[in-house]
Amino acid sequence: MADVKIYVEVHNFAVKDIFESKHKSRLIALMKKTAEKAIKDKLALGAPKDKGGEGYTLDGSLTSLAPDKAQKMLQAKCSISISSGRGIESIAQGSVGVSIAGADKIKDGDIDATAQACVESAMKSAVKFMSSTPP
C-alpha cells in the first residue's frame, strides 16, 4: 500500500498580546514561515492535489510575548488549531522562555527568536498529531 500524502494549508496567524505592538506584523510573517518549514520537513504543504482529497488547515496565535516580572526572561505562549473538514481536530500549545539582560535591552532578534521557538515547540506536537491521524 502506498503512503498517503497528508496535505496541510497554513491559514491565518495572529498576535494577541505583545508588550510592544510595533512587532506584530513582522512576527505574523515569521510565525507562518516557521509553521510552513515544520510542515515541509514531514508533510505536504498546500491544498490536497487529489480529487476529493482531504487535508488539514492551521490557524495560529501568539497568545502572549513579554518579559517576566523579574525582567530576566522573555516569555512566549502560542496555540495552533488543527482543523479538517470535520472541524477543529486538535490544538497544539507552545511556550518558551529566553534569558534577557533586562526589559530595556530587548532587541528585535530576541523577540523574533522567542516567537519562532514558541511556534517550533507547538509545531512538534502539531506535526506528530497530523502525521499519525489521517484527516
Worksheet item: Transitive ILVMFWY cluster of V96 at side-chain heavy atoms under 4.5 Å: who else is in it?
Response: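 The other cluster members (ILVMFWY side chains, heavy atoms under 4.5 Å, direct or chained): none.
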Which value, rounded to the nearest 0.5 Å, describes the distance between [X] atom [atom1] and [Y] atom [atom2]?
| X | Y | atom1 | atom2 | result |
| --- | --- | --- | --- | --- |
| H23 | D112 | NE2 | CG | 8.5 Å |
| R26 | M31 | CZ | CE | 11.5 Å |
| H11 | S83 | NE2 | OG | 9.0 Å |
| E36 | K33 | CD | NZ | 9.5 Å |
| K49 | K5 | NZ | NZ | 8.0 Å |
| E9 | D59 | CD | CG | 10.5 Å |

Heavy-atom check, side chain of [X] versus side chain of [Y], under 4.5 Å:
| X | Y | value |
| --- | --- | --- |
| I106 | F19 | yes |
| L43 | Y7 | no |
| N12 | K32 | no |
| Y56 | I6 | yes |
| M123 | I39 | yes |
| S81 | L58 | no |
| I100 | K105 | no |

Item to complete: Could you go through the side chain to side chain contact (heavy atoms under 4.5 Å, CB included) check for Q75 and V98 one step at a time?
Response: CA-CA 6 Å; Q75 298 178 322; V98 176; over 6 Å; no
Practice prompt. Please indicate whether K107 has more than 12 foreign heavy atoms, meaning atoms of other residues, nucleotides or ligands, lying under 6.0 Å from its NZ.
Written response: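 No, because the 6.0 Å sphere around NZ of K107 holds 12 heavy atoms or fewer from other groups.
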Worksheet item: side chain to side chain contact (heavy atoms under 4.5 Å, CB included) between K77 and L62: does it pass, once the steps are laid out?
Response: CA-CA 6 Å; K77 292 182 181 178; L62 183 65; over 6 Å; no
Discussion item. Applying a strict under-4.5 Å side-chain criterion to I, L, V, M, F, W and Y, I'd like to know whether I28 and L45 cluster together.
Written reply: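 Yes, it is one cluster - the side chains of I28 and L45 are joined through contacts under 4.5 Å.
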Worksheet item: Do the side chains of I88 and V10 join up, straight or via other hydrophobic residues, at under 4.5 Å, putting them in one cluster?
Response: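 I88 does not cluster with V10.
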For the backbone of [Y] and the side chain of [X], can you confirm whether one donor and one acceptor N or O come within less than 3.5 Å of each other?
| X | Y | answer |
| --- | --- | --- |
| S125 | A122 | yes |
| D68 | K72 | yes |
| S132 | F129 | yes |
| T114 | D110 | yes |

Item to complete: I would like to know whether E89 and S84 meet side chain to side chain donor-acceptor pair (under 3.5 Å); could you show each step before the answer?
Response: CA-CA 7 Å; E89 300 277 344; S84 72; 2.5 Å; yes
Can you see which heavy atom on [X] is nearest to which on [Y], and at what distance?
| X | Y | value |
| --- | --- | --- |
| G97 | M73 | C-CE, 3.4 Å |
| R86 | E54 | NH1-OE1, 4.4 Å |
| S121 | G94 | OG-CA, 3.8 Å |
| G55 | P48 | N-CG, 3.8 Å |

Discussion item. Let's go through I80 and V119 carefully: what are the C-alpha distance in whole Å and the side-chain angles of both, what is the deciding distance for side chain to side chain contact (heavy atoms under 4.5 Å, CB included) to 0.1 Å, and is it a yes or a no?
Written reply: CA-CA 8 Å; I80 298 173; V119 172; 4.2 Å; yes
Worksheet entry | I111/L27 under side chain to side chain contact (heavy atoms under 4.5 Å, CB included): CA gap, chis, key distance, verdict | CA-CA 8 Å; I111 294 165; L27 290 180; 3.8 Å; yes
Worksheet item: Is there a donor in the side chain of S79 and an acceptor in the side chain of Q93, or the other way round, less than 3.5 Å apart?
Response: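 Their side chains do not contain a donor-acceptor pair, so the 3.5 Å distance test is not met.
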Discussion item. Taking K37 first and then D41, would you say they form a salt bridge - that is, a charged N and a carboxylate O separated by under 4.0 Å?
Written reply: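 Looking at K37 and D41, the cut-off is met.
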